[in-house]
*Asks:* 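My questions will all concern the structure given below.
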Number of protein chains: 2
Amino acid sequence: MLIGEFAKRVGVSTDTIRFYGKVGFFSSSRSENGYRHYTEKDIETADLIASGKSIGFSLREILAFSQEMADGVLDHARAQESLQSKINLIDERIASLKRVRKLAQQQLDYCRAVEAQELSV
Amino acid sequence: MLIGEFAKRVGVSTDTIRFYGKVGFFSSSRSENGYRHYTEKDIETADLIASGKSIGFSLREILAFSQEMADGVLDHARAQESLQSKINLIDERIASLKRVRKLAQQQLDYCRAVEAQELSV
DNA sequence: GTAAACCTTGGAGTACGCTCCAAGGTCCAG
DNA sequence: CTGGACCTTGGAGCGTACTCCAAGGTTTAC
């Protein structure tokens with residue numbers, strides 16, 4: 001599949017796809033005329049990028065992670081270590097989010113209480 | 001308190017503090033010689049910035065949020081709306097993180113299973 | 001009175017993640 | 001064979017969030 005169709009399928013611009021390519025993502029196969037080609041595996045990679053980005057990982061982190069996933073078959077120990085540290089990081093982020101959520105909830109409760117009081121005066 | 005002490009207390013560089021000031025954070029009081037002054041309230045603001053950043057909000061989002069918190073007393077309806085939408089956003093991020101965590105966990109389990117099999121062969 | 005440790009400003013530079021553009025090649029339909 | 005829709009490259013530009021000067025004023029300690 002060519003870059004236009006690929007970009008449409010994963011929901012980003014062709015410029016963004018080329019940029020991701022420069023960073024190191026995707027198989028870099030080209031046809032004779034120089035056109036880039038993308039596969040279903042590249043779609044998976046693009047989905048991984050989207051997921052990674054949505055939870056706050058940088059492109060380089062996602063690249064390192066996806067390469068470790070690919071190397072997983074060869075180097076179990078390192079892959080497991082990396083995956084475990086990623087999971088720990090995610091757990092920390094979830095904990096952080098929950099703390100801030102609690103703050104916001106308290107503020108919201110306080111807002112509502114003040115409002116109720118004002119209405120009753 | 002002057003900028004150096006303040007920066008040390010909140011754990012960032014003085015340059016970063018000045019940058020946050022330019023963005024619109026902190027009370028902008030100065031002594032006669034032009035030195036910036038910071039209060040305990042500014043420490044709270046700096047903590048809010050740290051929390052917000054850690055969960056992926058931009059400085060502008062955090063600024064808007066902190067201003068809405070301050071305006072809360074004046075405009076309950078808008079503050080409540082904003083807080084609720086922030087909470088919803090946080091919930092979405094937590095859900096996203098949990099999805100990716102599950103993926104990573106599955107990958108890790110798979111890695112371990114393959115390893116165990118290889119050892120038994 | 002001078003050195004060290006503060007503070008000020010403005011502006012340049014950096015890394016990230018795009019986004020846009022110009023100039024040009026390719027492919028296909030009518 | 002021409003128009004339109006593709007594709008290529010390189011390079012510029014942008015917003016975010018700093019980071020690092022240089023040049024100079026202030027304060028404190030000896």
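Below, chain A is the first sequence line, B the second, and so on; all start at residue 1.
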*Asks:* Between D:dC7 atom C1' and A:M1 atom CE, what is the distance in whole Å?
*Replies:*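 From A:M1 CE to D:dC7 C1': 16 Å.
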*Asks:* Quick check: on DNA chain C, is the nucleotide nearest B:N33 upstream (toward 5') of the one nearest A:L59, or the reverse? Name the residue that is more 5'.
*Replies:*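 By nearest-heavy-atom nucleotide position, the 5'-most residue is B:N33.
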*Asks:* Taking atom C1' of D:dT8 as reference, at what distance in whole Å does atom CD of A:E32 sit?
*Replies:*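 Spelled out: CD on A:E32 to C1' on D:dT8 is 16 Å.
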*Asks:* Figure out the CZ/P separation between A:F6 and D:dC6, and round it to whole Å.
*Replies:*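 Answer to the nearest Å: 17 Å.
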*Asks:* Once you apply a heavy-atom cut-off of 4.0 Å, does A:S58 come out as touching a base, just sugar-phosphate, or nothing?
*Replies:*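 The answer is sugar-phosphate, as A:S58 gets under 4.0 Å only of primed atoms, P, OP1 or OP2.
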*Asks:* Just the rounded figure in Å: distance from P of D:dT28 to CD of B:E5.
*Replies:*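 Roughly 14 Å, once rounded to whole Å.
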*Asks:* Check whether any side-chain nitrogen or oxygen of B:Y20 sits under 4.0 Å from OP1 or OP2 of D:dC18, and answer yes or no.
*Replies:*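 Yes, within the criterion.
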*Asks:* Could you tell me whether the side chains of B:S85 and B:S82 share a donor-acceptor contact shorter than 3.5 Å?
*Replies:*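 Short answer, no.
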*Asks:* Would the B:F57 and B:F65 ring centres measure less than 6.0 Å apart?
*Replies:*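 No, they do not, as the ring centres are separated by 6.0 Å or more.
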*Asks:* Run the side-chain contact (heavy atoms from CB on, under 4.5 Å) check on B:D15 and B:F19 step by step: do they pass?
*Replies:* CA-CA 6 Å; B:D15 272 327; B:F19 177 74; over 6 Å; no
*Asks:* Rounded off to whole Å, could you give me the NE2-to-P distance for the B:H37 and C:dC6 pair?
*Replies:*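 That distance rounds to 16 Å.
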*Asks:* Are B:I87 and B:I62 connected, step by step, through hydrophobic side chains (Ile, Leu, Val, Met, Phe, Trp, Tyr) whose heavy atoms are closer than 4.5 Å?
*Replies:*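 Yes, B:I87 and B:I62 fall within the same hydrophobic cluster.
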*Asks:* Under 4.0 Å from OP1 or OP2 of D:dC18: is there any side-chain N or O of B:K53 that close?
*Replies:*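 Yes, because at least one side-chain N or O of B:K53 sits under 4.0 Å from OP1 or OP2 of D:dC18.
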*Asks:* Quick check: on DNA chain D, is the nucleotide nearest A:R30 upstream (toward 5') of the one nearest B:R60, or the reverse? Name the residue that is more 5'.
*Replies:*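 By nearest-heavy-atom nucleotide position, the 5'-most residue is A:R30.
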*Asks:* Could you tell me how far apart A:E61 (CD) and C:dC16 (C1') are, to the nearest whole angstrom?
*Replies:*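 Nearest whole value for this atom pair: 12 Å.
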*Asks:* Look at the side chain of A:Y35 and decide which nucleotide, out of C:dG17, C:dT26, D:dT26, has an atom nearest to it.
*Replies:*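 Looking only at heavy atoms from C-beta outward on A:Y35, the closest nucleotide is C:dT26.
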*Asks:* Just the rounded figure in Å: distance from C1' of C:dG17 to CD1 of A:I62.
*Replies:*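 The distance from CD1 of A:I62 to C1' of C:dG17 comes to 11 Å, rounded to the nearest Å.
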*Asks:* Write out a two-atom table: protein N or O, nucleotide N or O from nucleotides 19-22 of chain D, distance below 3.5 Å.
*Replies:*
| residue | atom | partner | partner atom | Å |
| --- | --- | --- | --- | --- |
| D:dT19 | OP2 | B:T16 | OG1 | 3.4 |

*Asks:* How many whole angstroms separate atom CD1 of A:I17 from atom C1' of D:dC7?
*Replies:*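 To the nearest whole Å, that distance equals 15 Å.
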*Asks:* Does the pair B:L83 and A:Q105 meet the rule for a side-chain contact (heavy atoms from CB on, under 4.5 Å), with working shown?
*Replies:* CA-CA 8 Å; B:L83 279 163; A:Q105 187 67 57; over 6 Å; no
*Asks:* Looking just at side-chain N and O atoms, do A:S96 and A:R99 make a donor-acceptor pair shorter than 3.5 Å?
*Replies:*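 Checked: A:S96/A:R99 side chains pair up, N/O donor to acceptor below 3.5 Å.
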*Asks:* Does B:R36 make a side-chain N or O approach to OP1 or OP2 of C:dC7 shorter than 4.0 Å?
*Replies:*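 So the side-chain polar atoms of B:R36 never come under 4.0 Å of the phosphate oxygens OP1 or OP2 of C:dC7.
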*Asks:* Between B:L2 and B:F6, is any pair of side-chain heavy atoms under 4.5 Å apart?
*Replies:*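 B:L2 does not reach B:F6 side chain to side chain.
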